[in-house]
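Report on the structure given below.
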Amino acid sequence: MSNPQEDDAVSPVTAAQVRHIAENGLYTSPTTIDPAAAGLAQALIATLDGSAEQPLLPADLQTLTEQVKAKASIGFPRITAHDGVRLSAHTIKLNGDEPRPVVIVPAGWTPFGWILFEYAYLQLALRGYHVLAYTPRGIGLTFPVIGGGYVDAPFTSGGTIDVAGPLDWADGSTVIDYAQEHLNPSRIAFLGESYGSGISQLVAAHDPAGRVDAVVALSTWGDLADSLYQNDTRHEAAVKALIAFTGGPEARKFDPATRQILHDFLTGQNLDDVVAWGKERSPHSYADETNARGVPTFLSNTWHETLFPAGQVVRHFEQLTAPKHLNLWIGDHAAPEGAGLSVPCSGPNVPVEEAFAWLDHHVLGAANGVPEWSPVRSQVMFTPSVREDAPSWSEVTTGTEQWYLTATSEAAHQDGGLVTTAPEPGWKREFTAGRLTDAVAVDEIIKTGQAEWQGNPKTYETDKFDRQHLAAWTSAPLPAARRVRGVPELTLTVRSTATETTLVAYLFDVSADHTARIITHEPFTFTELTPGENRTAVWRLQPAAYDLAAEHRLMLVLTSKDPLYSDASVADSTTTITSVDDSAARLVLPLG
């Protein structure tokens with residue numbers, strides 16, 4: 001989108017551009033929205049507000065805008081927060097005196113604020129909702145002015161980014177006040193994607209009058225602290241991407257206190273303060289409040305999520321006792337629902353349709369079968385047509401299987417083995433730490449998982465894994481298929497020639513041609529090591545739903561670096577994995 005000082009006309013949108021967005025998602029890189037998606041949003045808004053000087057939309061979208069304009073009035077207010085900050089907002093107010101519910105939509109963390117999901121707002125209006133979308137404080141494009149200063153785009157809100165903190169909770173309540181005064185809603189729901197999803201849950205837990213009747217949280221988080229920092233490992237690439245995606249210079253977008261938190265995180269200092277800051281911004285910290293208020297909560301996340309890993313969402317979901325639902329999808333952040341919130345797709349966008357159905361039941365009162373849904377619904381990697389229901393997360397896993405790490409493998413003699421028969425103590429495997437290898441979780445944040453969602457998961461050539469800089473254990477070809485369902489757990493005994501080191505564990509499904517697909521992964525950083533002395537650690541990998549075919553092999557890989565994460569690995573130090581007793585080197589595989 002251009003500088004708002006420039007008087008550029010909005011360009012027409014073609015049906016081919018709409019299909020492109022539907023097929024490829026919103027992102028061209030982790031920090032770039034596809035210009036076609038931003039252009040479509042502009043064209044929808046210009047058509048709605050009457051500023052379009054020529055037809056801008058394909059026929060189906062033109063008809064959609066006309067249908068909504070025939071039954072609603074369109075507004076673009078500024079809502080003043082308690083401290084004077086002005087929030088950019090957009091309203092669709094249905095005509096007539098009949099009380100209608102409102103869906104409030106805090107925008108995601110993008111430079112384009114509330115505008116990206118205009119298509120979703122129009123769909124919600126046709127379903128019978130007033131809509132009030134707004135950009136959280138500090139979010140949105142900001143441009144430098146020649147001679148000094150800045151100017152904001154119309155969809156940019158004032159103030160600095162509070163990162164879903166108490167100011168954002170208060171702003172959510174102020175937006176509810178505005179909705180009650182200007183829309184007179186019968187009920188109030190919040191729907192958010194990404195950043196807006198966390199804010200939605202937090203406003204529901206904190207609104208002083210308890211006015212939120214339902215929440216939909218897509219590509220969401222439960223525990224922000226765990227999303228940022230877990231197992232003494234910082235999720236560094238995700239935070240760097242978010243900082244680069246605010247729409248303006250860091251010094252303008254964040255106040256000094258927040259800049260200090262971000263600096264401490266990126267440099268690995270004062271991490272107790274960073275964790276406390278993240279816990280304050282975690283819906284999981286306020287699950288008791290959500291439960292006491294009985295807020296029906298719909299959560300959605302992805303197996304290979306690189307911003308808000310699925311494990312912390314699952315833990316949050318399990319703590320909720322109010323009506324709840326959890327969808328887990330193939331792919332990465334925003335891949336399942338992003339296009340469906342932005343453009344018409346070739347068929348129903350199921351992630352969005354189920355989110356809307358949740359609102360229709362809990363807010364409109366529709367008898368649509370939602371109460372009969374299983375609380376957990378999981379898509380199986382990489383079989384998009386297969387979804388499985390479970391009455392709770394704990395019942396996704398129906399049994400476990402012990403896999404022991406051994407000195408040699410029947411299938412690949414240069415690797416260690418994975419066997420289910422008996423532990424094998426007394427061996428060791430060494431590798432040189434501190435170097436990147438081809439064994440990485442993703443090639444690119446969001447984009448790799450977006451390709452997964454579209455049916456093109458990343459393929460690994462395991463023969464090219466550099467065994468000098470990683471260690472691998474491979475099973476024999478499986479005599480029968482395995483249904484991996486739940487959270488794998490790894491127990492290892494480690495020593496290093498350095499005082500700190502990081503291990504990143506990956507589970508792969510390896511086919512007969514030695515190519516592989518990733519099942520799951522998780523890093524773990526060992527601190528305060530005594531060089532040469534053993535340390536045993538247990539860590540839980542990210543949850544998975546994956547079918548391992550018969551004759552395929554299971555591979556466990558350990559590396560010392562992954563571009564997603566900080567690491568404490570010292571270049572050219574030696575990491576040794578060893579088995580000192582019958583239980584110190586094993587993988588517990590969850591089955592369902």
Gap between atom [atom2] of [Y] and atom [atom1] of [X] - 0.5 Å precision:
{"X": "Thr515", "Y": "Asp509", "atom1": "OG1", "atom2": "CG", "value": "8.5 Å"}
{"X": "Thr302", "Y": "Leu328", "atom1": "OG1", "atom2": "CG", "value": "8.0 Å"}
{"X": "Asp226", "Y": "Trp221", "atom1": "CG", "atom2": "CH2", "value": "13.5 Å"}
{"X": "Asp562", "Y": "His521", "atom1": "CG", "atom2": "NE2", "value": "6.0 Å"}
{"X": "Leu564", "Y": "Arg234", "atom1": "CG", "atom2": "CZ", "value": "13.5 Å"}
{"X": "His284", "Y": "Ser227", "atom1": "NE2", "atom2": "OG", "value": "11.0 Å"}

Are Tyr565 and His235, when compared by the centres of their aromatic rings, separated by less than 6.0 Å?
yes
Output field: ring centroids Phe465/Tyr506 closer than 6.0 Å:
no
Checking Asp223 against Arg315 for the salt bridge (charged side-chain N to carboxylate O under 4.0 Å, His left out) test, could you report, in this order, the C-alpha distance in whole Å, the side-chain angles of both residues, the deciding distance, and whether it holds?
CA-CA 9 Å; Asp223 192 318; Arg315 291 190 293 274; over 6 Å; no
May I ask you to check whether over 12 heavy atoms, not counting those of [X], lie within 6.0 Å of atom [atom1]?
{"X": "Glu353", "atom1": "CD", "answer": "yes"}
{"X": "Lys458", "atom1": "NZ", "answer": "yes"}
{"X": "Arg540", "atom1": "CZ", "answer": "no"}

Could you tell me which non-hydrogen atom of [X] sits nearest to which non-hydrogen atom of [Y], and how far apart they are?
{"X": "Gln454", "Y": "Glu23", "answer": "NE2-O, 2.9 Å"}
{"X": "Tyr134", "Y": "Gly172", "answer": "OH-CA, 3.8 Å"}
{"X": "Val510", "Y": "Ala516", "answer": "CG2-CB, 3.9 Å"}
{"X": "Val376", "Y": "Ser392", "answer": "CG2-C, 3.7 Å"}
{"X": "Ala549", "Y": "Leu478", "answer": "O-CD1, 4.0 Å"}
{"X": "Val538", "Y": "Phe524", "answer": "O-CE1, 4.0 Å"}

Side-chain touch [X]/[Y], heavy atoms, less than 4.5 angstrom:
{"X": "Val363", "Y": "Ile188", "value": "no"}
{"X": "Ser194", "Y": "Phe308", "value": "yes"}
{"X": "Leu61", "Y": "Val18", "value": "yes"}
{"X": "Val352", "Y": "Glu337", "value": "yes"}
{"X": "Val588", "Y": "Gln402", "value": "yes"}

Looking only at side-chain N and O atoms, does [Y] offer a donor or acceptor that is under 3.5 Å from a partner on [X]?
{"X": "Gln201", "Y": "Thr297", "answer": "no"}
{"X": "His325", "Y": "Glu354", "answer": "no"}
{"X": "Thr525", "Y": "Thr502", "answer": "yes"}
{"X": "Asn231", "Y": "Thr233", "answer": "no"}
{"X": "Thr220", "Y": "Ser197", "answer": "yes"}
{"X": "Tyr27", "Y": "Asn24", "answer": "no"}

Plane angle bin for [Y] and [X] - parallel if under 30°, tilted between 30 and 60°, otherwise perpendicular:
{"X": "Trp358", "Y": "His362", "result": "tilted"}
{"X": "Tyr286", "Y": "His206", "result": "perpendicular"}
{"X": "Tyr195", "Y": "Trp109", "result": "perpendicular"}

Does the distance from a Lys or Arg side-chain N to an Asp or Glu carboxylate O, for [X] and [Y], drop under 4.0 Å?
{"X": "Asp360", "Y": "Arg127", "answer": "yes"}
{"X": "Asp547", "Y": "Arg485", "answer": "yes"}
{"X": "Arg281", "Y": "Asp162", "answer": "yes"}

Would you mind telling me which of [options] makes a side chain to side chain contact (heavy atoms under 4.5 Å, CB included) with [X]?
{"X": "Leu470", "options": "Thr559, Leu436, Leu503", "value": "Thr559"}
{"X": "Val175", "options": "Val105, Val203, Leu132, Val102", "value": "Leu132"}
{"X": "Tyr119", "options": "Leu64, Leu124, Leu341", "value": "Leu64"}

